[in-house]
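Let me begin by presenting the structure, written as structure tokens, before commenting on it.
Numbers restart at 1 for each chain; the letters A, B, ... are given by sequence-line order, proteins then strands.
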2 protein chains.
Amino acid sequence: MSETAARRRATMAEVARAAGVSVMTVSYTYGQPERVSADTRVRVRDAAERLGYPGPHPGARSLRRGRTGALGVVLGEHLTYAFDDPQATRFLSGVAQVCADHGMALTLVPVTGGPADVDRVTEAAVDGFVVWTTADDDPVIDAIAATGLPAVIHGGPRRDGLSFVAVDDRAAARTVGHEVFAGARRPAVLSFPLDRDRISTVAFGAGAASEPDLDAPAVAGVDAAATGSPSGIDPDASTFRVTRQRLRGFRDAWSETGGEWSRVRVAVCSTNSAREAEALATELLTGPDSCDAIAAMSDELALGTLRAAARLGLAVPGDVTVSGWDDTDAASPAELTTVAQSLRDQGARCARTALGHPAPTGRDAEIAWHLISRASTHRR
Amino acid sequence: MSETAARRRATMAEVARAAGVSVMTVSYTYGQPERVSADTRVRVRDAAERLGYPGPHPGARSLRRGRTGALGVVLGEHLTYAFDDPQATRFLSGVAQVCADHGMALTLVPVTGGPADVDRVTEAAVDGFVVWTTADDDPVIDAIAATGLPAVIHGGPRRDGLSFVAVDDRAAARTVGHEVFAGARRPAVLSFPLDRDRISTVAFGAGAASEPDLDAPAVAGVDAAATGSPSGIDPDASTFRVTRQRLRGFRDAWSETGGEWSRVRVAVCSTNSAREAEALATELLTGPDSCDAIAAMSDELALGTLRAAARLGLAVPGDVTVSGWDDTDAASPAELTTVAQSLRDQGARCARTALGHPAPTGRDAEIAWHLISRASTHRR
DNA sequence: CTGTTAGCGCGTTCAG
DNA sequence: CTGAACGCGCTAACAG
């Protein structure tokens, strides 16, 4: 179609010469117009237009000023999750709102899960970072810390020197777990990935119960390959803090009703999509030991579960209870019990902190959540 | 929580001094490690670690090299549309994929619809622009052209010197219009906004028919306020090319079955959301002259229409036919007739062109689309 | 109100 | 394989 040849930009010096003024006068004309007389301002603008000068070079300006005007966002896994994962999308909507309010650009760092991610982070010209939940062993976290820029991690991992924003996932999972597992005999959890391998699998629970208030990272020495193995799902072995805490919370709930974790089936989805959840839920709901309660880690996964149940002719909550997470728009029409939290608000909060605003402290630092109890868990 | 104080970065010169080498040796150690002896490389890396040097300053590097490593994306209206509008999200997923493949960051420019948008564009440190559909009179387009950077506009407006990517919306609308309007007596269109005011309204068609192959911009002299007025909806007056072309196409279809445009009701949504569509569709489907065919400009709007019909106890397609646009995942289960096009592919294509790859020409330049005919339009 | 000085931190160029 | 000069394009801090 049309040519978009990148003709050389005119420089400020050229504009200054053409307008018969010094370079600083041109600079002021753009940066602090009120400091320049109306007369010369016009002369400068005219010269600029004549030369096709598009204004001060953004890179040069930011080098000089020491700030870029952009907030960096790192998605734990892959750049496209920004637009493919519904939870990430809601979160980023909040980040974007704050950026827009401050006139800051939002720069998505191109991570792909490979070793080059560290370089991409190091090379990002930004004034701060917001990190969407990633694994404890993600080297990107160290790279971000090394920049010395303000950074906020959402969901996990926690790291000294970097801010952290997340709800109390374990407490919330425990609460919704009590609701969805009440009266159940063959409970199941529909889980996010356990680690960066994102292996989809179905297995029973495993591992010893950890302390109720523990928020420790994944136990050292457990290699990723083991977590999804036939040996069973050990919550403590998951390297994603959100997954780990929610698994622990669901285990807490089931234990407190007298059940054993090793009797709980855990289906691990590789992505947060209803489609994949439907397939895994179908597996959980088929056969002689079909599950009668499914706690899902997102509404998307729960919706896939509801579709699977419907397709199998199973009644919800009669044959199987189901719970989700997030209270998305679809939860209410589906009569889905869920944990309400605003990812959008959390995104906004992360952005504000990463932009240098003081982070809330004390009680204000806690992120609100609450259980929304709907028909999908009311067995009778 | 934890402090994220921005301690001053160490510079390359400091690392050089600490390592007992010249600055250039440090630069090579990072940029072209193979040009440096293994011995000094270690010395340099050590000194860097000791000083907490995070690597070359991205801004300085890009100033020197003349490229930023980021692709700019401008959303016609507001930054958050990136994550709130389902169509924009699919498009950006394609853009993001290409960026990730090339190791380029994706910088979302913080537009808000205000006059400062032009400055935000001018100040963006990027190597090229992708523009998501905006109005013909959006000053941002001129600002982008002025940068001299490669730029691709998706959907519209067209502009000399900038690339353009879009399907033949008018032809597609005409085709799906014939399908959904077949046998109808009281047709309606559920439309995207007509102009930047994004006023939600319901009115009858107005204005003279334009030439079949016309792709002219909005007629001059029609001020925005007039387009949504009681005087009726004139396709030619819409300043959004996509809206304009689709309205023209629907008008073409209805005219070709012998109908008059002034008998077509047009409901204009302010956003691409099923929720708003449901409200407007309810209006269209209520009262003595309730519509019996509704052509929507997106699947989201069509889905809202289906919900409205269901709630009113109307049968689709028996009482009212409905068509959408895009063939999203929800279209097939809903048995929705729709126009299939891949916004994701188009996003990828825009990104590649904006990154400097040659744009396809000739037949390859055309974006594929096709009608998917499903039950929602098969009246008998 | 306008001009001068002095770099921001790095990488290209060309010697050695 | 390493080093010295120079400037990318702009602006903070001062004069005047």
Side-chain angles (χ1 to χ4, degrees), chain A residues 6-45 47-48 51-69 119 122-127 147-149, chain B residues 6 8-44 47-48 51-69 119 122-127 147-149:
Chain A
R7 60 176 184 282
R8 200 183 71 77
R9 283 176 73 106
T11 76
M12 211 175 241
E14 288 164 0
V15 175
R17 201 171 325 127
V21 298
S22 81
V23 182
M24 271 322 294
T25 302
V26 179
S27 179
Y28 287 139
T29 304
Y30 284 92
Q32 308 166 53
E34 62 284 359
R35 279 183 62 167
V36 175
S37 77
D39 187 44
T40 54
R41 203 182 317 170
V42 171
R43 285 230 310 288
V44 170
R45 292 281 186 190
L51 297 179
Y53 178 68
H57 182 113
R61 166 178 271 183
S62 85
L63 175 60
R64 188 61 246 233
R65 295 214 238 216
R67 17 175 251 92
T68 65
D119 295 328
T122 305
E123 290 164 7
V126 298
D127 296 330
T147 65
L149 261 18
Chain B
R8 200 183 72 77
R9 279 175 77 104
T11 78
M12 210 175 242
E14 288 163 1
V15 175
R17 200 172 324 126
V21 298
S22 83
V23 181
M24 271 326 293
T25 302
V26 180
S27 178
Y28 287 140
T29 305
Y30 283 92
Q32 308 166 54
E34 62 284 357
R35 279 184 64 165
V36 175
S37 73
D39 187 45
T40 54
R41 204 183 317 172
V42 172
R43 285 230 308 291
V44 169
L51 297 179
Y53 177 69
H57 181 112
R61 168 179 268 183
S62 85
L63 175 59
R64 188 61 246 226
R65 297 223 254 229
R67 16 174 256 91
T68 65
D119 296 328
T122 305
E123 291 163 8
V126 298
D127 297 330
T147 66
L149 261 20

request  = Go through the steps for A:H57 and B:L63 under the test side-chain contact (heavy atoms from CB on, under 4.5 Å), then give the verdict.
outcome  = CA-CA 9 Å; A:H57 182 113; B:L63 175 59; 4.3 Å; yes
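Interface limits on DNA chain D: the 5'-most and 3'-most nucleotides within less than 4.0 Å of chain A heavy atoms are D:dG9 to D:dC14. Protein chain A contacts DNA chain C over a range whose 5' and 3' limits, counting nucleotides with an atom under 4.0 angstrom from a non-hydrogen atom, are C:dC1 to C:dG9.
Using a 4.5 Å heavy-atom threshold, the side chains of A:R61 and A:P58 count as separate.
By the side-chain hydrogen bond (donor to acceptor under 3.5 Å, both in side chains) test, A:T25 pairs with A:S22, sequence neighbours left out. With sequence neighbours excluded, no residue satisfies side-chain hydrogen bond (donor to acceptor under 3.5 Å, both in side chains) with B:S62. Residues that satisfy the side-chain hydrogen bond (donor to acceptor under 3.5 Å, both in side chains) test with A:T68, not counting sequence neighbours, are A:D127. Residues satisfying the side-chain hydrogen bond (donor to acceptor under 3.5 Å, both in side chains) test with A:T122, not counting sequence neighbours, are none. With sequence neighbours left out, the side-chain contact (heavy atoms from CB on, under 4.5 Å) criterion links A:R43 to A:V21, A:D39, A:T40. For the ring pair (Phe, Tyr, Trp, His ring centres under 6.0 Å) test, residues two or more places apart in sequence or in another chain that qualify with A:Y53 are A:Y30.
At the heavy-atom level, B:S62 lies nowhere under 4.0 Å from the strands shown. Counting any heavy atom pair closer than 4.0 Å across all strands shown, B:M12 reaches sugar-phosphate atoms only and no base atom.
A heavy atom closer than 4.0 Å to some atom of DNA chain D occurs in B:Y28, B:R35, B:V36, B:S37, these being the qualifying members of residues 28-37 of chain B.
Axis angle across the helix from C:dC1-D:dG16 to C:dG16-D:dC1, with five pairs used at each end and values rounded to 10°: 30°.
Using a distance-only test at 3.5 Å, with no hydrogens or angles considered, a donor-acceptor pair links the side chain of A:R9 to the main chain of A:G55. The main-chain N or O of A:V36 is found under 3.5 Å from a side-chain atom of A:R41 such that the two form a donor-acceptor pair. With hydrogens and angles ignored, the 3.5 Å screen pairs no side-chain donor or acceptor of B:R35 with any backbone N or O of B:Y28.
Evaluation of the salt bridge (charged side-chain N to carboxylate O under 4.0 Å, His left out) test over residues 10-27 of chain A, restricted to residues two or more places apart or in two chains, returns A:R8-A:E14. Under the salt bridge (charged side-chain N to carboxylate O under 4.0 Å, His left out) criterion, no residue pair touches residues 22-34 of chain A, with sequence neighbours excluded.
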